[in-house]
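As the structure is a computational prediction, the values presented were derived from the model and not from experiment. Residues take their numbers from the sequence shown, with the count starting at 1.
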Amino acid sequence: MDPMMASEQTIKAYSAFSDKGLKNTIEGAKAHVKQLYLSDQIPWVIGYSGGKDSTAILQLIWCALLELKIDDKCHKDVHVISTDTLVENPFVAMWVEKSLERMKEATEQQGLPIIPHRLTPAVKDRFWVNLIGKGYPAPRYKFRWCTDRLKISPSNTFINSLVDQRGEAILVLGTRKAESTARSASMEYYENIETNTRKADGLTANGSLDRVWVYTPIANWTNDDVWVYLNSVQNPWNFTNQDLMGMYQGATEGGECPLVVDKSTQSCGDSRFGCYVCTMVSEDKSMSAMIANDEEKEWMLPLLALRNEIDVNDANRDKKLDKLRRDKSRRDFRRMNGALTVHISKHGADIVPGPYVQQFREELLKKVLAAQQAVQRLGPDQVKNLELLPLEELEEIRRIWLEEKLEVEDSLPGIYEHVLGKAYPGKKRAHHPILNEQVLNKLKLHCSEHGDSDGLMYQQIRSVMAIANNHKNQLRRANLANELNESLEKGAFYSLEEAKKFALERKRHELQIQLDNSPSLAPQDKDNLGEQIAIITRSINEHGYSSLLIETEEVSDDF
C-alpha cells in the first residue's frame, strides 16, 4: 500500500489533512510553493533549526523545486540559514551540521539553487565573551541579552544584506498556529495588518525587517501533521527523518527552538532543543532527559553543570533565594558604567548588582575550560576537538579584561595553561616593569594590610596605573584627565556598605525634594513617595544585599 494512503487512514479529525487527505493536501501545498516561487524574482530565505517544523518546510519546498527542475523552471536562489549560537546542545549542533553538509552534497547532485548557510554570532556578541569577558550576568527575563546577540543579529544581518542586494526577500518559517494561542494571535495579526499587500499570495508582513515578506507554508498544521508528513515522504537531501524522530524521543516534551528574527518570538528556553547554557527556565529538561535516556550521552554532564553554575531560577522559593544570594555575591555593586542604581520594593530598598566581579569571571573561565577538557575526553569522536572557548573568543575576553576593565594582571593565559596543561597559543605580551604579576601581588598585599578587605582600594590604584600607562607614549594626552576622573568616581567607595548607604541616602533625598516641592501631586502619589522614603530609611543600615531577595521582574508591586 502507498505509505501516504496508509497514513491517511490514521489521520485524526482535527488534522489539517482531514478534508483532502494527506496526498492531495501535500500536492496542493507544493503547487502553491511553485506558484509563489515563479511569481517574481525575489530570493527566498528558509529558517532551518534542524527540528521537525523547519525540516518539514524545507522538505516541502525542496520537493516542489525538484518538480520545477524537470521543466527547467528552477532558477531563483533559495537560501537555507541555520544560526549556531556556539552554545547549542552539542548533540543537536552536530545533527544540524551534518544536515547542512548533506544539503550541500544533494544540491550539487540535483542541480538545485538551494544554498545552505551556517551563521554564527560576531565574536563580540558571543555568549562566553559577554559573560566571562564583560561580566554580563546570566540571561534572565528582564535582561535577555542573549537573544539579540546570539540569534537575532546573525540571521537579520544575513537577511538585510540580501535585501540590500536584491531589494526584497521572502522569509520562509516553520511557525504554526497550533503551537500556542499567543503564536496564533501574532500570526493572524500580521496576516491581516494593513501593510500586508501580499495577503492574496499567502504571505504576511514582517514586524521588524523592512522589505521582507514572511511565508509560513505549514501555518495550519498540527504537531501530529508534521510527523505524519515527515514519516510519509522521503527526505530529499538523504537525511532520514526517522533519526530525527529518534532524537525527539530522547528528549522531553516541548517545541523546537525556532529561527529568531525579532523579540516577539518567545524564548526557546522551554524548547526541546536549545542552548546548553539557557537560564530562562529552572531546569534544562531536554539535555537532562537526553542524558537520562541514553548512557552514551553522559559526556554532556559537564555542560549541564556549567548551566547550573550560573542559573538563578528554581521552582522552589527557598532554593531560588539561595541562588539569588549566591548570584549577588558574585557581582559588583556598581553597574557596568560605574553608576549606583537603587531598587525599591515591598521587601526593602537596595542597590542593584552589576556585572560579575573579576574573581568569579576567572573562576568561571577555569570551569568552562575544564568542562571543555572533560567533554573532549569523555565524548564520542565527533567532539574530540570541540572547543567551548576557541582562541578567537579567548583573545577577545583577554582584550576586554586588559583594555576595558584594566585588569592588567593578564591572568587569562596562566589560567589556560593551568587548566589545560599546555602553552597558551595567543599573542605574547612584553614584560612590564611595574604592571606585572609580582609587583601587583605586592600592591594587593599592601592594600589588604591596610584594611582593603574587599580589594576595592587595590582595584582603584591598579586602574589609575593602567590608565597612566596607556597614555605614556602619546604626544597629546587630552583624554587622560577625563579617564582618571571617571576611574576615581567609579572607585570612590571602600566597601559595599559604604556605597549602599550613599546611594540610598541620595535616593531618599531626591524623593524628599520631589515630595516637598510638588504641591499638586495627587494624594495617592504623595502616599507612594512617603512609603518609598520610609522603606529606604528602614533599609539604609542593612548589611550586604539583604533586601532585594526577589528579582526585580518578580516583584509585582515594586515602585
### Reported CG-to-OG1 distance for the pair Leu86 and Thr120, which is rounded to 0.5 angstrom
5.5 Å

### Query
Should the heavy atoms of other residues, nucleotides or ligands under 6.0 Å from CD of Gln234 be counted, would the total exceed 12?
no

### Task
Mark yes or no for whether Arg140, through its side chain, and Ala138, through its backbone, hold a donor-acceptor pair below 3.5 Å.
yes

#### Entry: Contact summary for Val45 and Leu162, nearest pair of heavy atoms
CG2-CD2, 3.4 Å

### Query
Which heavy-atom pair separates Thr83 from Glu88 by the least distance, and what is that distance?
O-OE2, 4.0 Å

### salt bridge (charged side-chain N to carboxylate O under 4.0 Å, His left out) evaluation trace for Arg118 with Glu101
CA-CA 10 Å; Arg118 175 178 171 268; Glu101 290 174 0; over 6 Å; no

### Query
Under 3.5 Å, is there a donor-acceptor pair linking the side chains of Thr175 and Thr216?
no

### Query
Looking only at atom types and distance, does a side-chain atom of Lys384 sit under 3.5 Å from a main-chain N or O of Arg377, one as donor and one as acceptor?
yes

#### Entry: side chain to side chain donor-acceptor pair (under 3.5 Å) assessment of Asn337 paired with Lys490
CA-CA 8 Å; Asn337 62 0; Lys490 184 176 180 179; over 6 Å; no

### Query
Hey, are the side chains of Arg331 and Pro355 touching, using non-hydrogen atoms and a 4.5 Å cut-off?
no

### Message
With a 6.0 Å cut-off (strictly less than), is the heavy-atom count around CG of Asn316, excluding the residue itself, greater than 12?
### Response
yes

### Query
Between Glu403, Glu396, Glu404, which is the residue that forms a salt bridge (charged side-chain N to carboxylate O under 4.0 Å, His left out) with Lys134?
Glu404

### Query
Is there a side chain to side chain contact (heavy atoms under 4.5 Å, CB included) between Leu364 and Ile310 once you walk through the steps?
CA-CA 9 Å; Leu364 193 55; Ile310 57 175; 4.1 Å; yes

### Message
Less than 4.5 Å apart, side chain to side chain, heavy atoms only: is that true for Ile114 and Val80?
### Response
yes

### Query
Hey, does Tyr276 have a side-chain heavy atom less than 4.5 Å from the side chain of Val87?
yes

### Query
Would the Tyr458 and His446 ring centres measure less than 6.0 Å apart?
no

#### Entry: Polar side-chain atom of Ser186 near backbone of Ala182 as donor-acceptor pair, under 3.5 Å
no

### Task
Mark yes when over 12 heavy atoms from residues, nucleotides or ligands other than Gln242 sit less than 6.0 Å from its CD; otherwise mark no.
yes

### Message
Can you classify the ring geometry of Trp145 versus Phe127 as parallel (below 30°), tilted (30 to 60°) or perpendicular (above 60°)?
### Response
parallel

### Message
Ile132 vs Val368, test: side chain to side chain contact (heavy atoms under 4.5 Å, CB included). Steps then yes/no.
### Response
CA-CA 10 Å; Ile132 297 176; Val368 174; 3.9 Å; yes

### Task
Would you mind reporting whether Lys444 and Asp452 have side-chain heavy atoms less than 4.5 Å apart?
no

### Message
Show the nearest heavy-atom pair for residues Leu389 and Trp128, with the distance to one decimal.
### Response
CD2-CB, 3.5 Å

### Message
Can a donor-acceptor pair be found, under 3.5 Å and without considering hydrogens, that links the side chain of Asn436 to the backbone of Pro433?
### Response
yes

### Query
Side chain of Gln110, backbone of Pro236: donor and acceptor closer than 3.5 Å?
yes

#### Entry: Side-chain heavy-atom pair Asp410, Trp401 within 4.5 angstrom cut-off
no

### Message
Ring-plane angle category for Tyr48 and Trp237, please: parallel below 30°, perpendicular beyond 60°, tilted otherwise.
### Response
perpendicular

### Task
Quick one: pull up CG in Asp125 and SG in Cys146 and give me the separation to the nearest 0.5 Å.
11.5 Å

### Query
Within the distance-only criterion (no hydrogens, no angle test), does the side chain of His117 pair as donor or acceptor with the backbone N or O of Leu119 below 3.5 angstrom?
no

### Flag for Ser161-Asp164: side-chain donor and acceptor within less than 3.5 Å
no

### Query
Taking atom NZ of Lys442 as the centre, does the number of heavy atoms from other residues, nucleotides or ligands within less than 6.0 Å exceed 12?
no

### Between CZ on residue Arg398 and CG on residue Leu365, distance to nearest 0.5 Å
12.0 Å

### Task
Tell me yes or no: between the side chains of Asn241 and Gln59, is some donor less than 3.5 Å from an acceptor?
yes

### Query
Side chains of Leu303 and Leu388: does their closest heavy-atom pair fall under 4.5 Å?
yes

### Task
Show the numbers, then the answer: is there a side chain to side chain contact (heavy atoms under 4.5 Å, CB included) between Leu340 and Phe493?
CA-CA 11 Å; Leu340 301 175; Phe493 305 101; 3.7 Å; yes

### Query
Judged by atom type as modelled, is there a donor-acceptor pair below 3.5 Å linking the side chain of Asn238 to the main-chain atoms of Ala106?
no

### Query
Can you check salt bridge (charged side-chain N to carboxylate O under 4.0 Å, His left out) on Asp322 and Arg326, steps first, answer last?
CA-CA 6 Å; Asp322 286 340; Arg326 180 188 68 176; over 6 Å; no

### Task
Please tell me if the side chains of Met94 and Gln382 come closer than 4.5 Å, counting only heavy atoms from C-beta onward.
yes

#### Entry: Residues, nucleotides or ligands: over 12 heavy atoms within 6.0 Å of Gln359 CD
no

### Message
With a 3.5 Å distance limit and no angle check, can you tell me whether Ser153 reaches the backbone of Arg149 through a side-chain donor-acceptor pair?
### Response
no

### Query
Would you say the ring centroid of Tyr356 lies under 6.0 angstrom from that of Tyr136?
no

### Message
Between His471 and Glu483, is the side chain to side chain contact (heavy atoms under 4.5 Å, CB included) condition met? List the steps.
### Response
CA-CA 10 Å; His471 287 266; Glu483 290 182 29; 3.3 Å; yes

### Query
Between CG of Leu304 and CD of Glu298, what distance do you get to the nearest 0.5 Å?
12.0 Å

### Query
Are Lys427 and Glu395 ion-paired here, with the side-chain N under 4.0 Å from a carboxylate O?
no

### Message
For Phe239, does the six-membered ring have the charged nitrogen or CZ of Lys98 within the cation-pi criterion, i.e. under 6.0 angstrom from the centroid and within 45° of the normal?
### Response
no

### Task
Ignoring hydrogens and angles, tell me if any N or O in the side chain of Asn206 forms a donor-acceptor pair with the backbone of Leu209 under 3.5 Å.
yes

#### Entry: Gap between atom CD of Glu407 and atom OG of Ser463 - 0.5 Å precision
8.5 Å

#### Entry: Pairing of Arg330 and Glu309 as salt bridge, 4.0 angstrom limit
yes

### Task
Answer yes or no: are there more than 12 heavy-atom neighbours, outside His432 itself, under 6.0 Å from its atom NE2?
yes

### Query
Which class fits the ring pair Phe158 and His79: parallel under 30°, tilted 30 to 60°, perpendicular over 60°?
perpendicular

### Straight-line distance of Ile218 CD1 to Ser54 OG, nearest 0.5 Å
8.5 Å

### Task
Of all the heavy-atom pairs spanning Lys104 and Pro116, show the shortest one and how long it is.
CG-CG, 3.7 Å

### Task
Heavy atoms only: give me the nearest Pro137-Leu131 pair and the separation to one decimal.
C-CD1, 3.8 Å

#### Entry: Residue pair Gln358 / Glu362, side-chain donor-acceptor N/O under 3.5 Å
yes

### Task
Keeping the roles fixed (side chain from Asp454, backbone from Leu456), state whether a donor-acceptor pair exists under 3.5 Å.
no

### Message
Would you say that Lys323 contacts Asn313 through its side chain, given a criterion of any heavy-atom pair below 4.5 Å between the two side chains?
### Response
no

